[in-house]
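In each ligand, atom 1 is the first atom listed, and ligand 1 is the first ligand listed. Heads up: numbering here begins at 1 and tracks the sequence.
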Amino acid sequence: MPLVPLQQILAKARSDGYAVGYFEAWDACSLESVLTAAEEESAPVILGFGAMMVDGEWLDSGGVEVLGVIGRSYAARSSVDVALIFNEAHSLDQARRGIDAGFNAVMIDTHSWPTEDAIVAVEELCRAAHQLGVAVEGELGSPAEATASGVDHSHASLTDPDEAARFVEQTGVDCLAVSVGNVHIMMNQEASIDMERLRSIHERVDVPLVIHGGTSFPRSAVGAAIAQGVAKFNVGTVLKHEFWSGLETAVRSADTHPDVHQLLGSHKDSDVMRIAQERMTAKVRSLIRQYGGSGRQMTAPELAAR
Ligand code: 13P
C-alpha cells in the first residue's frame with residue numbers, strides 16, 4: 001500500500017477517539033515486528049526510525065538512506081495504513097535527508113534548542129517538506145529523561161500552552177510533541193502526567209498532540225490524554241527490552257555447537273531474531289489495544305472512497 005499522509009492517519013484517530021502508536025524500530029527485524037503487530041490488530045500504524053540513539057556519523061554516511069529504503073519496502077507490502085517517520089533528526093540537514101530518503105514525515109530533535117532557533121529551523125523544514133507532501137512533527141518543551149541513577153530533570157521543561165500556540169502558528173507543524181510530565185526512556189515506573197496542562201494546550205492548539213516517552217506513560221491516563229487531543233504515542237525503550245529478552249532467551253537455549261545457519265538469518269522458527277521479534281510484536285499488539293487502535297483499519301469500501 002502506498003504511504004498514507006501522517007495528517008490523515010492522525011485526523012482519523014482524533015475524530016474516532018483513539019491514538020496511533022509510533023513504535024520505534026532500529027533495523028529491518030524490529031520494523032517487521034511492528035508491521036506484523038499492526039496487521040494482526042488490523043490497525044493503522046506509524047512506522048519509522050529514530051536518530052536520537054544512533055551514531056551521527058553512521059546516519060550521515062548513508063544510514064538515513066538505508067533506513068529509508070527499509071521503511072519504504074516494508075510499508076509497500078503492508079495491508080494496513082502506514083506513515084513512515086524519521087524521528088528526532090539531529091539537525092535540519094539530517095531531516096531534509098530523511099525527506100530525500102523517502103520518509104513521509106520528519107521531525108528534528110529540538111528539545112534542548114532555544115525556542116526561537118527551533119522556530120526558524122522547523123519553519124524552514126515545514127516549507128520544504130510540505131511542498132513534497134511530507135508531514136512535520138514539532139516539539140516544544142523537554143521531557144525529563146531516565147538515567148541509571150534516577151530521573152534527570154535538569155534539562156526538563158514543561159510545555160507552556162501559549163508558547164505552544166505561537167510555535168504551531170509560526171512553524172506550520174502538522175502535529176506537536178508536548179512535555180506534560182511524560183518521561184523519556186524510563187522503565188519500571190510510571191510518569192505523573194499534568195492533565196490540566198495538557199487540557200490547556202489542547203484548548204489553544206488545534207493540531208494533534210504527541211506524547212514521547214510512551215514506555216512510562218501511565219496506562220490509566222491513556223483515555224484522558226486522547227480526550228485532550230493526543231493522537232500519537234511514541235514508544236521505544238520497552239520494545240528494545242522485549243526484543244532483547246527474547247534474543248537472550250534464544251541465545252541461551254542454543255546448543256553448545258550451534259547450527260549458525262539455522263539460528264541466524266534463516267527467517268525460520270529456529271532463527272534467534274524470530275524469537276525476539278515475537279516478543280516485540282506481542283508488546284506492540286498490547287499497546288495498540290491500549291490506544292484503542294485495534295480494528296481501526298479502513299475497510300476496502302472505505303479505502304475506495306478515500
Ligand atoms: P520511550 O523510549 O520512553 O518509550 O520514548 C520513545 C520516544 O519518545 C521516541 O520518540
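In this structure a side-chain-to-backbone donor-acceptor pair under 3.5 Å is missing from Asn182 to Pro143. Put simply, the side chain of Asp174 gets close to the backbone of Val136: a donor and an acceptor are under 3.5 Å apart.
Residue contacts with ligand 1, taken as heavy atom pairs separated by less than 4.0 Å, do not involve Val238 at all. Counting heavy atoms closer than 4.0 Å to ligand 1, residue Met52 contributes nothing at all.
For ligand 1 and His212, the ligand atoms under 4.0 Å from any heavy atom of the residue are 8 (O), 10 (O). For ligand 1, the atoms sitting less than 4.0 Å from at least one non-hydrogen atom of Glu88 are 10 (O), numbered in the order shown with element in parentheses.
At under 3.5 Å, a nitrogen or oxygen of Thr237, whether backbone or side chain, sits near a nitrogen or oxygen of ligand 1. The distance criterion of under 3.5 Å between nitrogen or oxygen atoms is met by His184 with respect to ligand 1. Not a single N or O atom of Val235, backbone or side chain, sits closer than 3.5 Å to an N or O atom of ligand 1.
Closest protein heavy atom to atom 6 (C) of ligand 1: Gly236 N, 3.5 Å. Among protein heavy atoms, the minimum distance from atom 3 (O) of ligand 1 is reached at Ile185 N, 2.7 Å. Annotation: atom 4 (O) of ligand 1 to nearest protein heavy atom, Thr215 OG1, 2.6 Å.
Taking the charged nitrogens against the carboxylate oxygens, Glu124 and Arg127 have no contact shorter than 4.0 Å, which rules out a salt bridge.
For residues 262-300, the set of pairs meeting the ring pair (Phe, Tyr, Trp, His ring centres under 6.0 Å) definition, not counting sequence neighbours, comprises Phe233-Tyr291. Residue pairs meeting the ring pair (Phe, Tyr, Trp, His ring centres under 6.0 Å) criterion with at least one member in residues 75-102, sequence neighbours excluded: Phe86-Phe103.
Partner Glu88 forms a side-chain hydrogen bond (donor to acceptor under 3.5 Å, both in side chains) with one of His212, His111, Gln94 and no other, that one being His212.
Neither side chain, Arg77 nor Ser73, offers a donor N or O lying under 3.5 Å from an acceptor on the other.
Heavy-atom separations between Gly213 and ligand 1 include at least one value shorter than 4.0 Å. Taking a 4.0 Å cut-off on heavy atoms, Gly214 registers as neighbouring ligand 1.
Distance check, rounded to the nearest 0.5 Å: OG1 of Thr215 to CD of Glu190 gives 11.5 Å.
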